[in-house]
Each structure stands twice: as C-alpha cells, then as structure tokens.
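Below, chains carry the letters A, B, ... as their sequence lines are ordered, and counting in each starts from 1.
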There are 2 protein chains.
Amino acid sequence: MLLHLDPRSSTPIWEQIIHQIKELILKKILLPGDKLASVRELSSSLVINPNTVSKAYQELERQGIIETLRGKGTFVAECIVPKADEQKVEALKQSLKQLVIEALYLGIDRTEFIKMAEHYLDELGGST
Amino acid sequence: MLLHLDPRSSTPIWEQIIHQIKELILKKILLPGDKLASVRELSSSLVINPNTVSKAYQELERQGIIETLRGKGTFVAECIVPKADEQKVEALKQSLKQLVIEALYLGIDRTEFIKMAEHYLDELGGST
DNA sequence: TAAGTGTACTGCATACAATAATACACTTAT
DNA sequence: ATAAGTGTATTATTGTATGCAGTACACTTA
C-alpha cells in the first residue's frame, strides 16, 4: 500500500487516503478480499495519527467499499452495485460544471478537456 | 445580478460568489465593461457581510477577471488571454481524476460522463 | 459638502482537522 | 490463560479557516 500524502494540501488527510484507496481498487491493484494495512501499521508508515486512518476506514466502510472485522482487520469488499444516489449525482454535476469553468479560464479548450476526461476514464476502467 | 448562495454548502460563500460571476461572464450575460453590484449592494441583497463580498471581488481582481476603481465601482475586465499556468493545470487534472473516480463509484459510465462534460462545455462556450 | 465607492483592521464565535493519550472489545496464535 | 494484534471510542488540546460585527480610512462623483 503505497500512499502519497500532501500535508500542505487543503484536502484533509483522511480524504486523501479515501481517494487513493478507491483509485487502487478501480485499477484492480487492490482486489476484493485483499487485506488492507492495519490502522496502526498505516498510521505508523505515514507518520500520522491512528485516528486519522481510522476515520478514513470508517468512511470507506460506510460507503460499502471495504469491510472491517473486529480483531481481524479491514478488507476490500466485493464489487458493489452502485446505487443511483440522485443527490450525489447532482452534486457531482455541479463539481463538473465548476471544473469546466476553471478549465476554460486556464485556456483549456473543448477537445483538450474531453481528451483529459477520456484519459482518466480509460486509466480507471470506465468502460469495463 | 442574480446569485444563489447555499449557506449550508461546505464551499465558502466568497468562493460561491466567484464561481457564479465567472459563469455569468462565460455565458456572456456579463460583458466586458459592465458594472458589478457594489460591495454594499450585493452584501445587502444577499444578507451577508460586506467583507465577504469584498473578499470575492479581490480574488476575482487578482485573477484579472474584474477591475476595480476606487470610489467608482467594480467592472468586468476585457477578455483575458489565458496563460497556461502549468501548476494550476496540474491541479485541475487531479480534480478531474477525483471526479472520474467518484462518478464511477456512482455508476456513471464512460459515455454518460463524456456526455455530461460536453453539455457543460457547450453551455459555457467551450468551442467559441 | 454629502453620498457612494472599495479597502483595512480588530475582535469574536464557530467549525473542522489533526494530534495526543488512554482505554475498551474482539480475534488469533502461543 | 496469556499476549499480541485487530478496530473502536473518548477526552482534551492545538491550529486554521470562515464569517460576522463594528469601525475607520481614502477615493470619486454629484
């Protein structure tokens, strides 16, 4: 589990952990049933507080992405059937809109933006 | 200037103001030279503190999107030539990557995501 | 002169992130 | 049984960011 944290980022550490674990799962580097590093292991290797790792794991479990067994550890859950949470989809659309606005102000044109999106969709298995 | 704020959002009010003004400019609803509502006007109509509006205007001016003349008011600047700020482009790519991850976990597939992106690019004049 | 601009500053309340230091409940291996 | 390793819970503390309140200043226009 090689995670790269940026302490100077404005996004909280526990969110960075969530993002990267999700990415590893989408890329099939972490497979269903795989054991994650323990709270104390990960917190020690990242030199952060155990509570911060615990918070990330709890949120991932709340989303059904990992499962935790007391005394045994935390594991990648089976492939989840994504439920169309209309509220979250709407929030994602707003984020996408903001991203498009920022891109246009950075001089990124339509084709370039689409190309970037396709790149990440391919990288993360968006067509599987 | 019809702005819609969400006090319960986690994104700061001053950022929400920035986002919406940028959107109005991209949509050509606000044109170069147009006068924006004054700090006190806008803060009064939105029922927020004048300092919050001032912070939004200052950031917009720092980005070269509006111009402010003391005692006269703030105005939409001339069309800016977007400079390819490599650092900001890189940050935007990371945000896009996160957005793709979230979308996939929400069950949004490749074609649907691309369709959403194209919609906003069209709406905001990404091909002009 | 008066009213309307943007700006600057202090203080205050609130919320969140992150840490520190413990303690608890459970599982596994010895 | 015991010890070590799991996740979890609690309390306290620190730092940072947001937002508001209040006030004051400098400038432009009528």
Side-chain angles (χ1 to χ4, degrees), chain A residues 1 3-21 25 30 32-77 91 98, chain B residues 1 3-21 25 30 32-77 91 98:
Chain A
M1 288 249 302
L3 303 190
H4 303 60
L5 300 185
D6 179 6
R8 295 177 305 177
S9 168
S10 64
T11 75
I13 295 179
W14 59 273
E15 276 193 44
Q16 295 184 41
I17 295 174
I18 289 178
H19 291 160
Q20 298 195 32
I21 289 181
I25 293 176
L30 285 177
D34 279 1
K35 187 176 187 305
L36 296 179
S38 78
V39 168
R40 288 172 180 76
E41 257 182 22
L42 191 53
S43 68
S44 156
S45 70
L46 296 178
V47 198
I48 57 176
N49 195 281
N51 290 332
T52 306
V53 177
S54 181
K55 182 168 186 176
Y57 280 11
Q58 285 178 53
E59 177 60 19
L60 280 169
E61 185 181 28
R62 201 191 59 77
Q63 296 181 22
I65 293 172
I66 66 177
E67 282 172 337
T68 134
L69 302 176
R70 265 195 174 173
K72 302 184 72 172
T74 64
F75 305 84
V76 178
Q98 285 317 313
Chain B
M1 287 250 301
L3 304 189
H4 303 71
L5 300 185
D6 179 6
R8 296 176 305 177
S9 169
S10 64
T11 74
I13 296 179
W14 57 273
E15 276 193 45
Q16 295 184 42
I17 295 174
I18 289 178
H19 291 160
Q20 298 196 32
I21 289 182
I25 294 177
L30 285 178
D34 278 1
K35 188 177 185 306
L36 297 179
S38 78
V39 168
R40 288 172 180 76
E41 255 182 24
L42 191 53
S43 67
S44 157
S45 70
L46 297 178
V47 196
I48 58 177
N49 194 281
N51 288 332
T52 306
V53 177
S54 180
K55 183 169 186 177
Y57 280 10
Q58 284 178 55
E59 177 60 19
L60 281 169
E61 184 180 29
R62 202 192 59 77
Q63 296 180 21
I65 294 172
I66 65 177
E67 282 173 337
T68 132
L69 302 176
R70 265 195 175 173
K72 303 184 69 173
T74 64
F75 305 84
V76 179
Q98 285 316 314

- Item | Test item: Q98(B) side-chain N/O and H19(A) main-chain N/O as donor-acceptor pair under 3.5 Å |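 Absent.
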- Message: Looking at Q16(A) and D6(A), would you say the former's side chain and the latter's main chain have a donor-acceptor pair under 3.5 Å?
- Response: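 Pair found, side chain donor or acceptor close to backbone of D6(A).
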- Item | N/O (side chain, K55(B)) to phosphate O (OP1/OP2, dT18(D)) under 4.0 Å |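 Yes, K55(B) has a side-chain N/O under 4.0 Å of OP1/OP2 on dT18(D).
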- May I ask you to evaluate whether T68(A) reaches the phosphate of dT8(D), defined as a side-chain N or O under 4.0 Å from OP1 or OP2?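 The answer is yes; a side-chain N or O of T68(A) sits under 4.0 Å from OP1 or OP2.
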Please state how far atom [atom1] in [X] lies from atom [atom2] in [N], giving the value in whole angstrom units.
X      : N       : atom1 : atom2 : value
Y57(A) : dA9(D)  : OH    : P     : 16 Å
I66(A) : dT6(D)  : CD1   : P     : 15 Å
N49(A) : dA20(C) : CG    : C1'   : 7 Å
F75(B) : dG4(C)  : CZ    : P     : 16 Å
W14(A) : dC16(C) : CH2   : P     : 11 Å
L42(A) : dT8(D)  : CG    : P     : 14 Å
Q58(A) : dA17(C) : CD    : P     : 14 Å
E59(A) : dT8(D)  : CD    : P     : 13 Å

Quick check: do [X] and [Y] have side-chain heavy atoms less than 4.5 Å from each other?
X      : Y      : result
V76(A) : I21(A) : no
I17(B) : I48(B) : yes
L42(B) : L36(B) : no

- Item | Under the side-chain contact (heavy atoms from CB on, under 4.5 Å) test, residues paired with R62(B) that sit two or more places apart |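 Applying side-chain contact (heavy atoms from CB on, under 4.5 Å) to R62(B) gives E59(B), K88(B).
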- Query: Pairing of DNA chain D as dot-bracket, 5' to 3': ( ) intra-strand, [ ] crossing, | other strand, . unpaired, with Watson-Crick or G-U pairs under 3.5 Å?
  - Reply: ||||||||||||||||||||||||||||||
Nucleotide nearest [X] when distance is taken to its side chain, options [options]:
X      : options                 : result
N51(A) : dA9(D), dC20(D), dT7(C) : dA9(D)
I13(A) : dA18(C), dT7(C), dG7(D) : dA18(C)
E41(B) : dT5(C), dG6(C), dG19(D) : dT5(C)

Applying a 4.0 Å non-hydrogen cut-off, can you work out what [X] is touching in the nucleic acid: base, sugar-phosphate, or nothing?
X      : value
E15(B) : nothing
E67(B) : nothing
I48(A) : sugar-phosphate

Under 3.5 Å between N/O atoms: give me all the protein pairs with nucleotides 23-30 of chain C, atom names plus distance.
unit_1: dT28(C); atom_1: OP1; unit_2: K72(A); atom_2: NZ; d: 3.2

If I compare all heavy atoms of [X] with all of [Y], which pair ends up nearest, and what's the gap?
X      : Y      : answer
G64(A) : A77(A) : O-CB, 3.6 Å
Y57(A) : A37(A) : OH-O, 2.7 Å
K35(A) : K72(A) : CE-O, 3.5 Å

- When the nearest nucleotide of DNA chain C is assigned to G73(B) and to T52(A) on a heavy-atom basis, which residue is associated with the more 5' position?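 It is G73(B) whose nearest nucleotide is closer to the 5' end.
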- Message: Applying side-chain hydrogen bond (donor to acceptor under 3.5 Å, both in side chains) to Q58(B) and S54(B), what does each step give before you reach the verdict?
- Response: CA-CA 6 Å; Q58(B) 284 178 55; S54(B) 180; 3.0 Å; yes
